[in-house]
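Data first, discussion second: the structure below is written as structure tokens.
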2 protein chains.
Amino acid sequence: MTAASKTVSDVIHSHFGTLTRAEKQLAESLLDNYPVSGLGSITTIAENAGVSTPTVVRMVQKLGFKGYPDFQAHLHQEVEATISNPIAKHDRWASNAPGTHILNRFADAIMGNLRQTLSALDTATFDSVASLLSDRKRSLYFVGGRITGALAEYFFTHMQVIRPNTALLSSNSSSWPQYVLNMNPGDLLVIFDIRRYEQEMVSLATAARKRGAEIVVFTDQWGSPAAKLARHTFRIQIEAPSAWDSSVVTLFIVEALIEAVQSSTWDETKERMKTLEGLFEQTRLFRKLS
Amino acid sequence: MTAASKTVSDVIHSHFGTLTRAEKQLAESLLDNYPVSGLGSITTIAENAGVSTPTVVRMVQKLGFKGYPDFQAHLHQEVEATISNPIAKHDRWASNAPGTHILNRFADAIMGNLRQTLSALDTATFDSVASLLSDRKRSLYFVGGRITGALAEYFFTHMQVIRPNTALLSSNSSSWPQYVLNMNPGDLLVIFDIRRYEQEMVSLATAARKRGAEIVVFTDQWGSPAAKLARHTFRIQIEAPSAWDSSVVTLFIVEALIEAVQSSTWDETKERMKTLEGLFEQTRLFRKLS
DNA sequence: CGCACTCTGAAAATTTCTTTTCATGACAGT
DNA sequence: ACTGTCATGAAAAGAAATTTTCAGAGTGCG
């Protein structure tokens, strides 16, 4: 049969010479953005190509398919093959490891998370947050929950090197009021709150807002309740083949932000880092001597 | 509205709780081999899922779509996005972002790091470390440096939930001797030490070895000096288009290890987690009452 | 110019898909 | 045990999609 092992695209190409004007027009419309353009109904693709539906029927029959549904079934198969086996999906990331090894399954999941998160992420949001973080007139406060506390700490540690006026709120909420007390209008509170949202985050966000602080929230696709109070929100895909959620993509965004801030204020940062290096050296030297 | 920017998969997940038995069955059939399984007609997918066509209609409406055609149109869009934007064609990860946006450059770098790290990683090492971490007769100690301290904390927080006898050494080295004092032969010390290796890590590793402890080191491609004393070493690719090194892949390995440990000791862990849940509930209740 | 031929899309006919209606059965609360 | 509610699928009704028919337009050729 004509369309047995060859792809639909191949079949179209091989018959291209025998096609009529309207059919060629249709064929080109199909090959343009192939194979997705053939996903819709016969009416849709006829309209897109600017031809009539009978033309579509005649062509697919000329190509050797039984009818439009048959044609489309073949296309679906191809789409499936393309999707379930994209170059991205390495059947084996780690050499010698079976495709089902936890490392490989994790790698697949993380790549999927990264792709989904990035395609849903608005770069304007990213750039705005980066510029808020860069503004040295604003003090920065970081806070995370039980699990995400480590991410807040990681973010804080870097920002503390890059610029002054940064603080890390302990994940224990009892000390929060003192920090809120010190917040000034325009200060920035960065909240990490993912699934198993912590009720106290909403209280903290509310209090911070009352003091005039801006809020940035890192949360998952379902959204922390604190996100409602936020100026900017990062919704991150966190699913992993695990009983736990994955923070890998969150860390990715954090690192990208760190770099964005660092490069946008490099002149000021350079001096700070030099000074800091010197301080570390002194400490080391001091210990050796003692 | 509901299905504006979120993917169909997201929408299904977020509504999953409110779905009925037949609808859940359908949802799972759709998510299995997503999104290709939703390409056919309503009749086809109903048959594949083993439910009736009205069930399909009811579910997609419950999910916020106008009807099956609307649902399918969204799916088609996603398929298109997936196909015309594969990772292989990684010039644009985030839609709307120019190829040179920091997010895209970072994504490329992380992809490369992940691939290189995994292809160099021996799965036997991974499995051995997972089994060492699972062994409840061994106490676990985690330690990190200035930057990697957050990773150690992240690892520790999870392991602490999964099993008893875990400790986090503060990144301040003055308290380390007390921990070393308590180490017994067979105990496991997990060290994070990447570029700008901290001299004290070697001292710590040496002291721990003298006490008979096993050592696992997470380091970069150049290798921490402490790695010489380690039973197992993870050499991780950490380069990023940034003034800072990237911890994303390190976190990836950590999460994969957490899952490996968790799943290998699920029976024992299950009980612990239930108890822990209860304790959290009590704490919350306590706060509310007070 | 006229004839024969092919290509093309409008419209009708047909088939298939989608939605609605409704009867049945399961189940929780009284 | 009774009653109300909900989930479910069979079947009918309704809406599209697909295919066929057919007439007009264009083209090549004598």
For residues [X] and [Y], is any side-chain donor paired with an opposing acceptor at under 3.5 Å?
X        : Y        : value
A:Asn172 : A:Ser170 : no
B:Thr44  : B:Ser41  : yes
B:Gln262 : B:Thr269 : no
B:Ser131 : B:Ser134 : no
B:Thr55  : B:Ser52  : yes

Over how many whole Å does the gap from [X] atom [atom1] to [N] atom [atom2] extend?
X       : N      : atom1 : atom2 : value
A:Lys24 : C:dT6  : NZ    : C1'   : 14 Å
A:Asp70 : C:dT15 : CG    : C1'   : 16 Å
A:Leu39 : D:dA17 : CG    : P     : 15 Å
B:Ile42 : D:dA17 : CD1   : C1'   : 14 Å
B:Lys66 : C:dT19 : NZ    : C1'   : 13 Å

- Message: Assuming nearest nucleotide by heavy-atom distance, tell me which of B:Gln72 and A:Ser52 is located more 5' along DNA chain C.
- Response: A:Ser52

- Query: Out of C:dT20, D:dG9, C:dA10, which has the shortest distance to the side chain of A:Pro54?
  - Reply: C:dA10

- Task: Identify which nucleotide among C:dT8, D:dT19, D:dG9 has an atom closest to any side-chain atom of A:Tyr68, counting heavy atoms from C-beta outward.
- Result: D:dT19

State whether [X] places a side-chain N or O below 4.0 Å from either non-bridging phosphate oxygen (OP1 or OP2) of [N].
X       : N      : result
B:Thr53 : C:dT18 : no
B:Thr20 : D:dT8  : yes
A:Ser41 : D:dA17 : yes
B:Gln61 : C:dT20 : yes

- Message: Classify B:Gln25 by what it touches in the nucleic acid, base, sugar-phosphate, or nothing, heavy-atom distance under 4.0 Å.
- Response: nothing

- Base of C:dG9 paired with side chain of A:Arg58 (donor-acceptor, under 3.5 Å): yes

